[in-house]
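One structure is given here, and the rest of the page talks about it.
Lettering of chains follows the sequences in order, A, B, ..., and the numbering in each one begins at 1. Every heavy atom of this structure was used, including side-chain atoms; hydrogens, water molecules and symmetry mates were not.
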There are 2 protein chains.
Amino acid sequence: MWCTCPVRPLRPPRATRRFLAEPVADDDLERILDAGRWAGSARNRQPWRFVVFRDAGLRGELARLGAYAQHLASAPLVIGLAVDEDSGSDAHFDVGRAAQALMSAAGALGYGTCPATLFPEANVNRAGRLAGAHPPWRMRWAIAVGRAAPPLPPRRGRPAIATGRLPRDAVVREAGWPRS
Amino acid sequence: MWCTCPVRPLRPPRATRRFLAEPVADDDLERILDAGRWAGSARNRQPWRFVVFRDAGLRGELARLGAYAQHLASAPLVIGLAVDEDSGSDAHFDVGRAAQALMSAAGALGYGTCPATLFPEANVNRAGRLAGAHPPWRMRWAIAVGRAAPPLPPRRGRPAIATGRLPRDAVVREAGWPRS
């Protein structure tokens with residue numbers, strides 16, 4: 001028995017960068033956060049904390065803390081991801097797992113998402129102050145969540161953003177073949 | 001419209017550490033790998049490569065390259081995850097996203113999965129040699145994939161592995177409240 005749901009393909013959801021104003025329903029948010037909370041982690045360390053930003057002013061500040069973070073201002077809700085950088089070498093990998101679990105659940109509930117990286121370090125510090133996060137917790141990423149707005153028509157003269165993927169043969173190899 | 005499929009809950013799949021011998025079907029593997037390949041990454045860098053290990057001898061070697069990697073030997077198939085460590089500070093986070101996308105797709109197709117961390121560095125080097133991966137590619141993780149075997153009955157005198165999660169209030173906070 002497996003999932004054949006037509007609204008939830010096996011491939012992960014594509015990024016959504018334009019959002020409607022419609023808020024994220026509280027019970028949906030709870031389910032989205034629970035999906036992240038139940039992600040696996042090395043030795044079950046759960047090296048993540050999730051910070052919910054609803055306030056437009058705070059989201060606007062976050063949106064200035066990364067070079068590609070503008071969409072944090074226009075989404076109705078942002079989930080900041082804080083990582084415990086004292087928890088070992090798997091911390092970023094594990095927070096990536098939680099992020100993907102959050103975004104997958106949001107997609108299954110009909111929401112679009114797009115993560116942003118907060119950088120450089122001064123901006124990570126600033127984001128931590130906005131979130132009330134103290135070391136070893138570092139808020140390095142934030143995820144915009146909301147209902148997707150219709151895509152804009154392509155603008156003349158502006159190249160489309162490269163959103164494809166490397167071909168399968170470039171990404172996957174079989175082990176155990178003769179190695180040169 | 002959203003996914004209400006009973007076999008694919010919003011929460012991410014739990015780890016499977018015991019497997020049946022039944023092989024992973026080739027077309028299922030292709031769909032699982034494609035789910036990882038279509039994960040998002042910072043600036044679409046795709047800092048991952050997936051190495052498929054079917055050979056029992058190679059899987060047995062991998063299973064000795066981490067303190068908690070034994071399940072790599074008993075699964076019918078292992079996907080090694082190589083990360084481009086020259087690709088920037090989001091590399092581990094992004095490979096975590098791809099890992100979770102792979103495991104979510106595998107779960108939707110009825111397979112169990114469990115990642116393992118390969119360490120210390122000498123073992124990462126050894127795994128790279130098994131995979132044919134050269135720097136900057138480092139094979140730091142591997143995911144066991146297969147049909148789940150029935151769980152063993154709890155053994156008297158052996159404490160159950162802690163598999164719960166921190167309570168919601170410990171993991172989630174609202175931003176914008178007065179900070180002390």
Seminar exercise, completed: To the nearest 0.5 Å, atom CH2 of B/Trp38 lies from atom CG of A/Leu10 at 14.5 Å
Exercise. Could you state the interatomic distance from CD (B/Gln100) to CG (A/Leu102), rounded to the nearest 0.5 Å?
Worked result: 10.0 Å
Problem set entry | ILVMFWY cluster, A/Val172 and B/Leu77 together (side-chain gap under 4.5 Å) | yes
Exercise. Are B/Leu65 and B/Phe119 connected, step by step, through hydrophobic side chains (Ile, Leu, Val, Met, Phe, Trp, Tyr) whose heavy atoms are closer than 4.5 Å?
Worked result: no
Seminar exercise, completed: Between A/Leu166 and B/Gln46, the two heavy atoms sitting closest are N-OE1, 2.7 Å
For this session: Give the intermediate values and the outcome of side chain to side chain contact (heavy atoms under 4.5 Å, CB included) for residues B/Arg31 and A/Arg11.
Result: CA-CA 8 Å; B/Arg31 297 180 75 190; A/Arg11 287 185 181 184; over 6 Å; no
Seminar exercise, completed: Scored by heavy-atom pairs under 4.5 Å with chain A, the best of B/Ala39, B/Pro12, B/Ala82 is B/Pro12
Exercise. Measuring heavy-atom distances to chain A, does B/Ile79 have an atom under 4.5 Å in its side chain, in its backbone, in both, or in neither?
Worked result: neither
Seminar exercise, completed: Note: vs chain A, highest number of non-hydrogen pairs under 4.5 angstrom among B/Phe93, B/Tyr68, B/Tyr111 is B/Phe93
For this session: Against chain B, label A/Ala101 side chain, backbone, both or neither, depending on which of its atoms sit under 4.5 Å from a heavy atom there.
Result: both
For this session: Tell me, out of A/Val83, A/Asp34, A/Val95, A/Leu33, who's got the most heavy-atom pairs with chain B below 4.5 Å.
Result: A/Asp34
Seminar exercise, completed: Output for pair (A/Arg97 CZ, B/Trp141 CH2), nearest 0.5 Å, gives 11.0 Å
Exercise. Can you tell me if A/Asn44 uses its side chain to pair, donor with acceptor, with the backbone of B/Arg165 under 3.5 Å?
Worked result: no
Exercise. Using a cut-off of under 4.5 Å for heavy-atom pairs, which of A/Glu30, A/Arg140, A/Met103 has the most such pairs with chain B?
Worked result: A/Glu30
Exercise. Does B/Leu118 share a hydrophobic cluster with B/Trp137, counting links as ILVMFWY side-chain heavy atoms below 4.5 Å and allowing steps through other members?
Worked result: no
For this session: Determine, stepwise, if the pair A/Arg37 / B/Arg168 fulfils side chain to side chain contact (heavy atoms under 4.5 Å, CB included).
Result: CA-CA 8 Å; A/Arg37 197 165 64 88; B/Arg168 191 180 293 147; 4.1 Å; yes
Problem set entry | Under 4.5 Å from a heavy atom of chain A, the part of B/Pro115 involved | side chain
Problem set entry | Closest-packed option against chain A by number of heavy-atom pairs under 4.5 Å, given B/Ser89, B/Ala170, B/Ala106 | B/Ala170
Exercise. Can you tell me if CZ on B/Arg14 sees more than 12 non-hydrogen neighbours from other groups inside 6.0 Å?
Worked result: yes
Exercise. Side-chain heavy atoms under 4.5 angstrom apart, residues restricted to Ile, Leu, Val, Met, Phe, Trp, Tyr: same cluster for A/Phe19 and A/Val78?
Worked result: no
For this session: Give, as side chain, backbone, both or neither, the part of A/Pro167 having an atom under 4.5 angstrom from any heavy atom of chain B.
Result: backbone
